[in-house]
Each structure stands twice: as C-alpha cells, then as structure tokens.
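This report concerns only the one structure given below.
One-based numbering along the sequence shown. Worth saying up front: this structure is predicted, and the values here are computed from it rather than measured.
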Amino acid sequence: MLHMRLSVILFCLAASFPATAQEYDLLPAQHSLQYYRLQGPVLRMLEKQWLPPQDSLYYDQTASFIPDQNYRLESSCEMTFDSSGNVLLIQSREPDERKRKELKEKIQFFYYQGKQLIAYSNKEEDKTDSVAFHYRKNGQIDHYRVFGNKQELLYKMTYVYKNGKLNTQR
C-alpha cells in the first residue's frame, strides 16, 4: 500500500513539472505602457509615497495635498518611456532595511531592438548586474546570458526546441 501511495505521489510530481516547464519558453517581461495600464503618449511617470507625521489626522477622501516638512518620503519611483511605449528606465528609492530613515536607490535600464527586450541592467548601490537576451528569427528566445558586477559572465541559459515547443533548457 505504501509503495502504491509513493508511486502516485511521484507520478503527480512528475506530471506537474512539464506544465511549469512550458513557462520557460515565454519571452521576458516586456515592460510597456500597457503593462502599467497607462494610456496615451506618456513619456515619464513619477510616483511618491509620503508618510504623515505620527499622531496626525488625515483623510483618504482628500483629492490632493502637498506634504510639508513634517511628512517623510517613504518611497519614490520614476519611469521613463520611449515613443513606442516601452520603459527605458526605472529609478526607485525604497527604505533601506539596514539603515533607518535612509532610502536606497535602484536603477533599472531596459534596451530594445524593435519591440523585443534585448538587454536589462540593474544597478543597486555600487553593484551592477545585467542580462542579455538573444532570439531566434521566429521570435522564440534562443539564450540569455547573465553578467555580474564586473561584467564577468555568471551563466548562460540556452533553450532547445523540438517541433516549436521547448524541449530542453540548459
């Protein structure tokens, strides 16, 4: 009986992996105006979150307000888009877990060839890492390479297709 239960569990596990493996052949997330649900010719968007002073009253029904020196900037995010609607830059400042009342800055750069994302770079403090994507003629991803802080190759992920579907990922 135990052998039969173990076989059923192993079969269920094996049957669930191909469904998740199919997601690997999807293209990297193409950040664009539609991804952020923005409409029109948006070239730049800025979002800031402020914390009110302690023991203060504020109303969420207020249409707008101007924070004064008593408010503390909690986080901010600035996005820059190209004329096609693809995001080129995301610059964000979020609370640093290690240092109180300080914000750490993170900058993400996106590079495109036509409508396809071909490279992505992430800079946080003094560390920069990046990913370069390479596609086949039919638009499927062929491989991508991940580079570390000193532009050294960390690893390369290659996709092998059979009959138009992902067969192997190495």
Side-chain angles (χ1 to χ4, degrees), residues 6-49 73-99 102-170:
L6 184 59
S7 297
V8 171
I9 291 172
L10 288 176
F11 175 75
C12 291
L13 287 174
S16 65
F17 285 123
T20 58
Q22 291 174 358
E23 297 173 6
Y24 289 128
D25 64 343
L26 298 176
L27 298 177
Q30 306 286 322
H31 296 279
S32 64
L33 292 173
Q34 290 80 24
Y35 179 81
Y36 296 105
R37 298 181 185 184
L38 298 172
Q39 297 177 353
V42 178
L43 295 178
R44 184 171 173 253
M45 183 184 79
L46 179 64
E47 175 187 7
K48 292 185 177 185
Q49 293 180 350
L73 181 63
E74 174 68 12
S75 66
S76 69
C77 181
E78 179 179 350
M79 293 183 204
T80 305
F81 299 91
D82 65 8
S83 58
S84 300
N86 295 319
V87 68
L88 298 174
L89 171 78
I90 299 177
Q91 185 173 5
S92 60
R93 292 177 187 88
E94 296 177 347
D96 191 344
E97 300 291 328
R98 298 170 288 162
K99 302 173 185 176
E102 285 191 33
L103 300 176
K104 66 178 178 180
E105 185 174 54
K106 180 179 178 182
I107 302 173
Q108 299 168 312
F109 298 95
F110 299 86
Y111 304 94
Y112 301 88
Q113 185 173 23
K115 293 184 177 185
Q116 288 183 325
L117 179 67
I118 60 168
Y120 163 80
S121 179
N122 184 29
K123 181 178 181 182
E124 197 169 330
E125 295 177 357
D126 294 335
K127 298 176 184 169
T128 303
D129 57 356
S130 58
V131 180
F133 301 98
H134 297 274
Y135 301 90
R136 296 176 170 211
K137 288 182 181 179
N138 62 2
Q140 290 178 318
I141 190 165
D142 184 50
H143 68 274
Y144 67 86
R145 295 178 292 169
V146 178
F147 298 92
N149 190 33
K150 297 178 181 168
Q151 292 304 310
E152 74 277 7
L153 180 64
L154 297 178
Y155 66 90
K156 178 179 178 180
M157 187 67 65
T158 304
Y159 297 87
V160 178
Y161 298 90
K162 187 174 184 178
N163 297 327
K165 294 186 179 183
L166 181 66
N167 186 30
T168 307
Q169 179 186 6
R170 312 181 220 153

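- Put simply, OG on S92 and CE on M79 are 9.0 Å apart, with the number rounded to the nearest 0.5 Å.
- Side-chain contact between Y135 and D142 is absent, with no heavy atoms from C-beta onward closer than 4.5 Å.
- Atom CD of E124 is separated from atom CG of D126 by 11.0 Å, given to the nearest 0.5 angstrom.
- Of the inter-residue distances, the one linking T168 atom OG1 with Y161 atom OH reads 11.0 Å to the nearest 0.5 angstrom.
- The two residues F147 and A132 make their nearest non-hydrogen contact at CE1-CB, 4.2 Å.
- Taking the side chain as every heavy atom from C-beta outward, I90 and F110 approach each other to under 4.5 Å.
- Residues E94 and K106 form no side-chain contact, since every pair of their non-hydrogen atoms from C-beta on lies 4.5 Å or further apart.
- Closest non-hydrogen pair, L38 versus F81, comes out as CD1-CZ, 3.8 Å.
- In this structure, Q113 places its CD atom where only 12 or fewer heavy-atom neighbours from other residues, nucleotides or ligands lie under 6.0 Å away.
- Of the charged side-chain nitrogens involved, at least one lies within less than 4.0 Å of a carboxylate oxygen, so that R44 and E78 count as a salt-bridged pair.
- In terms of heavy-atom proximity, K48 sits nearest to S76 at CG-CB, 3.9 Å.
- Not one N or O on the side chain of Y120 forms a donor-acceptor pair closer than 3.5 Å with the backbone of D129.
- Other residues, nucleotides and ligands contribute at most 12 non-hydrogen atoms within 6.0 Å of the CD atom of Q39.
- Here the CG-CZ distance, from L89 to F109, works out to 5.5 Å after rounding to the nearest 0.5 Å.
- Side chains of Y159 and Q140 form no contact here, defined as non-hydrogen atoms less than 4.5 Å apart.
- Contact between N122 and Q108 at its shortest, heavy atoms only, is OD1-CG, 3.6 Å.
- Between C77 and Q49 the shortest side-chain heavy-atom distance does not fall below 4.5 Å.
- Rounding to the nearest 0.5 Å places CE of M157 at 14.0 Å from CZ of R145.
- Rounding to the nearest 0.5 Å gives a distance of 10.5 Å between OH of Y112 and CZ of F133.
- Ring geometry, H134 versus H143: the interplanar angle falls under 30°, so the pair is classed parallel (tilted spans 30 to 60°).
- Nearest approach of S121 to T128, heavy atoms of both residues: OG-CG2, 3.6 Å.
- Looking at heavy atoms from C-beta onward, N86 lies out of side-chain contact with Y111 at the 4.5 angstrom threshold.
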